[in-house]
Amino acid sequence: MVAGCVITEQCALSVSTERLWKVVFSGEETAALPKSCAGFIDAVDIEGDGGPGSIFTMTLSPAAAELSGSGVMRSRVMARDNAARVFKTEVLEGDKVSGQLKSQAVEMKLEAAGDGACVAKLKVEYERLDGGGALSVEDQAALAAGYLDLFKMVEAYLVAHPAEYA
């Protein structure tokens, strides 16, 4: 990766790490993410056992595809630590910002933050296709927002359905 091409963000969420992990990262139930992000994600397919080397393919809804510039988001799992709640992926295919990138490695970590709350921490390391430096501030914000907005959609669903994925 090119030095300085790192984005770090975090957001506080009002659901437990366990519930959020089950929906977003466990890979146990591919219907959980489309259910909690209805109208945004139509399907999730996993090639492999969900661990390192597995390929995750998210098919976006037509409306989400129009916004993101792509109907499919594909990534390869680099590491999954269920105990530490850390998930690392390499993006293989993505949105219009990702189209500017030669490589994109993403680390997402969930940390408990009190009873029934957590903090989602995001780190994106990337290299541009043109060999240039950092993306524009706007493109960096859009890239980070794509991940954090997903967490917020799942959070809203879990808050509205407290008995699910408990």
Side-chain angles (χ1 to χ4, degrees), residues 1-17 19-26 32-44 55-81 84-114 117-160:
M1 297 289 159
V2 174
C5 294
V6 177
I7 302 167
T8 57
E9 291 288 338
Q10 66 182 32
C11 68
L13 301 164
S14 57
V15 294
S16 70
T17 57
R19 290 182 73 209
L20 194 62
W21 186 264
K22 281 182 187 178
V23 174
V24 181
F25 301 115
S26 73
L33 202 52
K35 182 178 180 181
S36 63
C37 297
F40 186 78
I41 297 173
D42 283 349
V44 174
I55 305 292
F56 276 72
T57 303
M58 283 194 303
T59 303
L60 303 181
S61 71
E66 187 175 325
L67 287 174
S68 75
S70 176
V72 174
M73 305 289 282
R74 289 176 25 103
S75 60
R76 177 181 296 115
V77 177
M78 305 307 290
R80 174 197 310 273
D81 185 333
R85 302 287 195 247
V86 177
F87 191 76
K88 296 178 184 181
T89 65
E90 171 188 25
V91 175
L92 304 173
E93 183 179 346
D95 62 13
K96 53 190 162 190
V97 173
S98 296
Q100 300 177 52
L101 304 178
K102 178 179 177 182
S103 64
Q104 182 182 161
V106 181
E107 178 180 305
M108 293 163 276
K109 181 175 185 177
L110 302 178
E111 293 181 354
C118 67
V119 174
K121 295 185 174 186
L122 171 72
K123 179 180 179 181
V124 181
E125 296 180 73
Y126 63 89
E127 183 177 355
R128 291 176 59 148
L129 280 171
D130 63 10
L135 292 167
S136 70
V137 171
E138 295 81 15
D139 284 344
Q140 287 186 52
L143 190 58
Y147 294 103
L148 297 179
D149 288 350
L150 178 79
F151 289 132
K152 292 173 187 175
M153 279 189 269
V154 173
E155 172 195 35
Y157 181 86
L158 292 174
V159 167

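All values below were derived from every heavy atom in this structure, side-chain atoms included, with hydrogens, water molecules and symmetry-related copies excluded.
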Which atom of V159 lies closest to which atom of S14, heavy atoms considered: CG2-OG, 3.7 Å
Close side-chain approach of Q104 and L143, heavy atoms under 4.5 Å: yes
For R76, salt bridge (charged side-chain N to carboxylate O under 4.0 Å, His left out) partners two or more places apart: E90
E9: side chain to side chain donor-acceptor pair (under 3.5 Å) partners, not counting sequence neighbours: none
Full working for side chain to side chain contact (heavy atoms under 4.5 Å, CB included) between F56 and T89: CA-CA 9 Å; F56 276 72; T89 65; over 6 Å; no
Partner set under side chain to side chain donor-acceptor pair (under 3.5 Å) for T57, not counting sequence neighbours: none
4.5 Å side-chain heavy-atom contact, P34 and D42: no
Test side chain to side chain donor-acceptor pair (under 3.5 Å) applied to K121 - qualifying residues, sequence neighbours left out: E111
Side-chain touch L20/C118, heavy atoms, less than 4.5 angstrom: yes
Given L122, L148, V119, the one that forms side chain to side chain contact (heavy atoms under 4.5 Å, CB included) with Q10: V119
Heavy-atom closest pair, residues S61 and G39: OG-O, 2.8 Å
Residues which pass side chain to side chain contact (heavy atoms under 4.5 Å, CB included) with T8, listed by chain and number, not counting sequence neighbours: V6, K123
D130 to G132 - nearest heavy-atom pair and separation: OD1-N, 2.7 Å
Validation row: F40, D149 side chains within 4.5 angstrom (heavy atoms): no
Sidechain-backbone polar pair: Y126 side chain, L135 backbone, donor-acceptor under 3.5 Å: yes
Under the ring-ring contact (aromatic ring centres under 6.0 Å, His included) test, residues paired with Y157 that sit two or more places apart: H161
Nearest atoms (heavy-atom pairs only) where A84 meets D81: N-OD1, 2.9 Å
Interatomic distance, K88 atom NZ to M78 atom CE [nearest 0.5 angstrom]: 9.5 Å
Interatomic spacing from OH in Y147 to NZ in K152 - rounded to 0.5 Å: 15.5 Å
Least distance between heavy atoms, M153 atom then C37 atom: CB-SG, 3.9 Å
Closest non-hydrogen atom pair, L158 against R19: O-NH2, 3.1 Å
4.5 Å side-chain heavy-atom contact, I41 and L150: yes
Test item: T17 side-chain N/O and A112 main-chain N/O as donor-acceptor pair under 3.5 Å: no
